[in-house]
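In what follows, every chain begins at residue 1, and chains take the letters A, B, ... in the order their sequences are listed.
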Protein chains: 2
Amino acid sequence: MATRTIAQRREDARTQYDAFLAGCPSRQLLARISDKWVALILAALGGDGPSSGDHCDDNPQPLRYSELSRRLAGVSQKMLTQTLRSLERDGLVDRIVTPTVPTTVTYRLTDLGLSLHHLMRGIKDWAELHMNDVLANRENYDLRDSGR
Amino acid sequence: MATRTIAQRREDARTQYDAFLAGCPSRQLLARISDKWVALILAALGGDGPSSGDHCDDNPQPLRYSELSRRLAGVSQKMLTQTLRSLERDGLVDRIVTPTVPTTVTYRLTDLGLSLHHLMRGIKDWAELHMNDVLANRENYDLRDSGR
DNA sequence: CAGGATCCCGCTAGATACTG
DNA sequence: CAGTATCTAGCGGGATCCTG
C-alpha cells in the first residue's frame, strides 16, 4: 500500500468513489463543499482582495473569526462557526488558538484546503464575471415564457 | 459601450459584482450554482464517462431527461426538473424538444454552461480524489475531540 | 416519456440570548 | 472576542398522483 505512485492512487480514488452514486461518500462530500458559505470562506482565506491584479495572486492570509464575519456580509455566527467546524474536521482549514485575553482565533487554509480553494475561487469568479450574461438570459427566458 | 475589449468587460464585471456582499446578485448566483445537483447535472452533460482517460476529454453529449435521472442516482423528478429549469433560465443548458410521440426532450450545455462545467467538474473530481484524505482527517478530528 | 401539481415533513438557516 | 445554546419559521426536497 506504500508502493503506489501518485498516479496509481489517483486511479484508485477514481474507481473507488463516484459522486453519481447516491450512497457514495463522495456524493456527501460534494454536497458539503457545494455550498455558498464554503465557497466564500475559502475565497476569503485564499486571499481574494478586491484590488487583486488580473493574474491570480495567492496570498493565503489567515483571518480571524471577526474578520471573516465582516468579509462575508450577512453570514450568521451560527453558519460561520458551523461551516468553519466542518471545514476544520475535513482538514481544509486549521484553527489556531492564541491564548491571549480575550482569546484570539485565526483560521488558515491547509494544503488540502488550498487545493480546493483554487477550484472554488474559479466558481466565485465565474459568478461575478458572467452575472450580466445570466441576467440577460433570464430576461429573455421570462419574456419568451410570458409571451406564449 | 460597444467599444469595450473583453478585458475591459472583465474588469467591469469584477467591479460591478462582489459575491462577498449580501445583496449582490452574484451572491445569489453563487448560491444557485453551489449545489450538488447542479454540479452533477453539469458533469453528466459535460461528458463524464467512468472510463475516461487521465487527460480531460470533453464530449459534451446531450442527454435525455430519463438518461439524466438514471445517471444522477437518487435524484427526485422534482429536483431534476427544477434544477434543469433554473439552468435553462440562466442560459446554461438548452432544452431541445423533438415532437415525436411520446415527446423526446434532450438537454445540452450551452457555451456558457460548458465554461462553468469545466470548473464544476474539477469540484466533483476533487471530492472523489480527496475522499480518503478527508475521511482520515475526520477520524483524527473525532478522536482528538473525544480524547479531551 | 417528460414532466406538472400537491401535500407534507425535516432540517436548517437565522434571530436572540447567554458565556469563558 | 469567539463562540455555545435554544427556539422557531420557512423552505428545500421527497413522495405521490395526475397529464399531454
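Between the T110(A) side chain and the L92(A) main chain, a donor and an acceptor come within less than 3.5 Å of each other. Formation of a donor-acceptor pair under 3.5 Å by the R27(A) side chain with backbone atoms of F20(A) is found in this model. In this structure, E128(A) contributes its side chain and S26(B) its backbone to no donor-acceptor pair below 3.5 Å. Checked by atom type and distance alone, the side chain of S34(A) pairs as donor or acceptor with a backbone atom of L30(A) at under 3.5 Å.
Going from atom CD of Q77(A) over to atom C1' of dT12(C) covers 15 Å, rounded to whole Å. Rounding to whole angstrom units, CD of residue E67(A) and P of dG3(D) are separated by 13 Å. Spacing between atom CG of L72(B) and atom C1' of dG3(C) amounts to 16 Å, rounded to whole angstrom units. For the pair I96(A) CD1 and dA2(D) C1', the interatomic distance rounds to 15 Å; values are reported in whole Å. L68(B) places its CG atom 14 Å from the P atom of dC1(C), with the value rounded to the nearest Å. Atom-to-atom, OH of Y107(B) to P of dA2(C) comes out at 9 Å; the value is rounded to the nearest Å.
Using a 4.0 Å cut-off on heavy atoms, none of the residues of residues 22-32 of chain A approach DNA chain D. Residues from residues 84-95 of chain A lying near DNA chain D, meaning a heavy-atom separation below 4.0 Å, are R85(A), R95(A) in numerical order.
With sequence neighbours excluded, no residue forms a side chain to side chain donor-acceptor pair (under 3.5 Å) with T103(A). With sequence neighbours left out, the side chain to side chain donor-acceptor pair (under 3.5 Å) criterion links S115(B) to W126(A). In this structure S76(B) satisfies the side chain to side chain donor-acceptor pair (under 3.5 Å) test with no other residue, sequence neighbours excluded. Looking at residues two or more places apart in sequence or on another chain, you find a side-chain contact (heavy atoms from CB on, under 4.5 Å) between N137(B) and L112(A). Looking at residues two or more places apart in sequence or on another chain, you find no side chain to side chain donor-acceptor pair (under 3.5 Å) involving T98(A). Residues passing the side-chain contact (heavy atoms from CB on, under 4.5 Å) test with Q77(A) are Y65(A), sequence neighbours excluded. When the side-chain contact (heavy atoms from CB on, under 4.5 Å) test is applied to Q82(B), the partners found at least two apart in sequence or on another chain are K78(B), M79(B).
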Quick test: give all pairs of protein nitrogen or oxygen and nucleotides 9-13 of chain D nitrogen or oxygen below 3.5 Å, distance rounded to 0.1 Å.
unit_1  : atom_1 : unit_2 : atom_2 : d
dG13(D) : N7     : K78(B) : NZ     : 2.6
dG13(D) : O6     : K78(B) : NZ     : 3.1

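Each end of the helix from dC1(C)-dG20(D) to dG20(C)-dC1(D) gets its own rotation axis from five pairs of C1' atoms, and the angle between them is 60° to the nearest 10 degrees.
By the 4.5 Å heavy-atom criterion applied to side chains, L42(B) and L114(B) are not counted as neighbours.
Minimum atom distance to the side chain of Y65(B) is reached by dA2(C), of the listed dT4(D), dA2(C), dA2(D). Nearest to the side-chain atoms of V105(A) among the listed nucleotides dC17(D), dC1(D), dG3(D) stands dG3(D).
Taking only side-chain nitrogens and oxygens, R64(A) comes nearer than 4.0 Å to OP1 or OP2 of dA2(D). When the side-chain nitrogen and oxygen atoms of S66(B) are compared with OP1 and OP2 of dA2(C), one or more of them lie within a distance under 4.0 Å.
Within 6.0 Å of atom CD in E139(B), 12 or fewer heavy atoms from other residues, nucleotides or ligands are found, so the atom counts as exposed in its surroundings.
For residues 84-97 of chain A, the pairs satisfying side-chain hydrogen bond (donor to acceptor under 3.5 Å, both in side chains) are R89(A)-D142(B), D90(A)-R138(B), R95(A)-Y107(A), with sequence neighbours left out.
Position along DNA chain C of the nearest nucleotide to T103(A) versus T103(B) favours T103(B) as the more 5'-ward residue.
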